[in-house]
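For reference, the structure discussed in these notes is given below.
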Amino acid sequence: MSAYGFNSAIVLAGRIVIGFGHICNVMAAQIYASEISSPELRGILATIPSIFNLSGVLLSYVMGSFLGWRDMTLVGLAFPIAYLFMWFQPESPVWLLQNGHNTKAQESLQRLRGRKIEISDEYLRIKENCDKEAEKPKFHIREIFKKLFYKPVLLCIFMMFFQMFGGYGPIIFHSVEILTEVNSPLRGENASIILAAVMVAVAIMAAFIMDKAGRKVLLSISGFFLIAALCALGAFFYIKEFQGESAVASITWLPVASLFVYYGAYSLGYYEVPFILLGETFPVRYRDVMGSIGYFANSLFVFLSVKTYADLKHRVGYYGAYWFYAAVLLCGIIFVWIFMPETKGKTLEEIEMKMTRKKGQKTVASDAESGYGLIDGKEKQVVVAKL
């Protein structure tokens, strides 16, 4: 439809279909990656969808340098063929248990962990959690007022807000305009390709340190460098507007360096972590509904941030817009350390209990078959006395 559309209506309809397919893909991929991974590897595996998303952006920029948009859509037809290989991949054990396929779930988990790995404890833990959810009645709209529902949803919505109103859309979509405005020699397709390559390289690096540094630390480091880049970018345009071109003639390198820092810092934490939280903090019972809400919030904030950029720039100038985005990210860092739980190295069941417990309350989840339970996120032997 996009490649051969003979009028704008067909091309736009094709874009809608592509958008629908894309959102189904990224939502399923993120949840699947979180559900199949062990706690110590979940960070790196859950980052893979983001890495390939950025790689697709880079590939689009490269192809766009020598292909027209119709030809690019034809090349894009080759990539959905890769989805056929998913038929040969193990299904999520969590999904299989939710739908009553216990034997297949155990086989899938064994295949994912390796034939020589003992999985009985992990299988029983996942099964117990799924059985508890299955005993509850079907989802009702009144449940949105329960802490188990609204707390992770609000966390996700706020993180998506900070992610997008930290300037991602406006900066990414207007990088060439910014470089042209400052008379940088780095312009056009070459600038987009180089900056996208920086994002991919840093995203790969972030994947390997995600489970070592933790989500909160990476978000904080990412946010700090994003704020620094935006402040420097805003300062350049402030000096240029009030002191003239001559005052910034010797620092034309500053906005270029700021963009490189911004692209790299964004890939270090703020690009991946909010999406990882979609798969980690959502309870099994609401994961499909919450996933839809999370990606809707993401798409909405992308649209609003890009749509409002021109008006913001017109009212307060380039410098005011970039300093506004820096202020949003500062609020984001504060929010992360006050409200966001650290999910590094924790099972999905531990995270779910941590999200719903009251302040100061110890988390205890006993396992009747093994005689072990989780106390404050650590496995310890427990004794349950009934009176």
Side-chain angles (χ1 to χ4, degrees), residues 47 50-51 53-54 57-58 155-179 182 184 191-192 194-207 209-210 213-238 251 253-277 297-298 301-302 304-306 308-309 312-313 316-340:
T47 307
S50 296
I51 293 174
N53 195 25
L54 289 172
V57 173
L58 173 59
L155 171 67
C156 174
I157 290 174
F158 273 102
M159 289 308 303
M160 292 301 178
F161 173 81
F162 295 128
Q163 182 192 51
M164 290 306 158
F165 275 90
Y168 173 71
I171 296 292
I172 298 297
F173 295 155
H174 296 89
S175 294
V176 175
E177 174 194 329
I178 295 169
L179 292 171
V182 300
S184 169
S192 300
I194 294 172
L195 290 170
V198 169
M199 291 191 78
V200 174
V202 177
I204 294 172
M205 181 188 72
I209 63 175
M210 184 71 68
R215 285 45 159 173
K216 297 175 79 166
V217 171
L218 274 185
L219 278 173
S220 300
I221 296 173
S222 172
F224 173 79
F225 281 103
L226 287 171
I227 292 170
L230 288 167
C231 287
L233 200 57
F236 177 89
F237 282 102
Y238 182 86
I251 56 171
W253 55 268
L254 183 60
V256 179
S258 298
L259 284 179
F260 272 95
V261 172
Y262 186 91
Y263 272 69
Y266 198 84
S267 290
L268 185 63
Y270 262 93
Y271 188 83
E272 299 97 338
V273 174
F275 291 114
I276 292 175
L277 292 176
N298 176 264
F301 293 144
V302 170
L304 292 176
S305 63
V306 174
T308 56
Y309 173 68
L312 189 63
K313 184 178 64 174
V316 296
Y318 279 104
Y319 59 90
Y322 300 143
W323 288 343
F324 168 75
Y325 298 141
V328 171
L329 286 167
L330 179 60
C331 294
I333 293 175
I334 297 171
F335 178 89
V336 163
W337 283 100
I338 294 177
F339 298 106
M340 195 188 102

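These values consider heavy atoms only, across backbone and side chains, with no hydrogens, waters or symmetry-generated copies.
Side-chain contact between Val316 and Phe324 is absent, with no heavy-atom pair separated by less than 4.5 Å. Taking 4.5 Å as the limit, every side-chain heavy atom of Phe301 sits out of range of all side-chain heavy atoms of Tyr168. Side-chain contact between Thr308 and Phe165 is present, with heavy atoms from C-beta onward closer than 4.5 Å. In this structure, the side chains of Phe275 and Asn298 come closer than 4.5 Å at one or more pairs of heavy atoms. Side-chain contact between Val202 and Met205: present, with at least one pair of heavy atoms (C-beta onward) separated by less than 4.5 Å. Looking at heavy atoms from C-beta onward, Tyr266 lies out of side-chain contact with Ile171 at the 4.5 angstrom threshold. Side chains of Phe225 and Ile227 form no contact here, defined as non-hydrogen atoms less than 4.5 Å apart. Residues Leu268 and Leu226 have side chains not in contact (no heavy-atom distance under 4.5 Å, counting atoms from C-beta outward).
No donor-acceptor pair under 3.5 Å is formed between the side chain of Tyr238 and the backbone N or O of Gly320. Looking only at distances, a side-chain donor or acceptor of Ser267 sits under 3.5 Å from a matching main-chain atom of Met199.
Remark: Leu54 CG to Ile204 CD1 distance equals 9.5 Å, nearest 0.5 Å. A distance of 8.0 Å separates CE in Met160 from CG in Leu277, rounded to the nearest 0.5 Å. The CZ atom of Phe161 sits 9.5 Å away from atom OG of Ser305, with the distance rounded to the nearest 0.5 Å. The structure places CG of Leu233 at 7.5 Å from CG of Leu254, a figure rounded to the nearest 0.5 Å. Taking CG of Leu58 as the reference point, atom CG of Asn53 lies at 12.0 Å (rounded to 0.5 Å). Distance NZ/Lys313 to CD/Glu177: 4.0 Å, rounded to 0.5 Å.
Of all heavy-atom pairs between Pro255 and Phe236, the closest is CD-CD1, 3.7 Å. Looking at every heavy atom in both residues, Met340 comes nearest to Lys216 through O-NZ, 3.2 Å. Leu329 approaches Phe162 most closely through the heavy-atom pair CD2-O, 3.8 Å. In terms of heavy atoms, Tyr309 sits closest to Pro170 at CD1-CB, 3.5 Å. Heavy-atom minimum distance, Leu195 versus Ser175: CD1-CB, 4.1 Å. Listed here is the closest heavy atom pair of Ala207 and Ile51: CB-CD1, 3.9 Å.
For Phe335 and Phe158, the gap between ring centers is short of 6.0 Å.
Using a 3.5 Å distance cut-off with no hydrogens or angles, the side chains of Tyr322 and Ser258 do not pair a donor with an acceptor.
At most 12 heavy atoms of other shown residues, nucleotides or ligands fall within 6.0 angstrom of atom CZ in Phe224.
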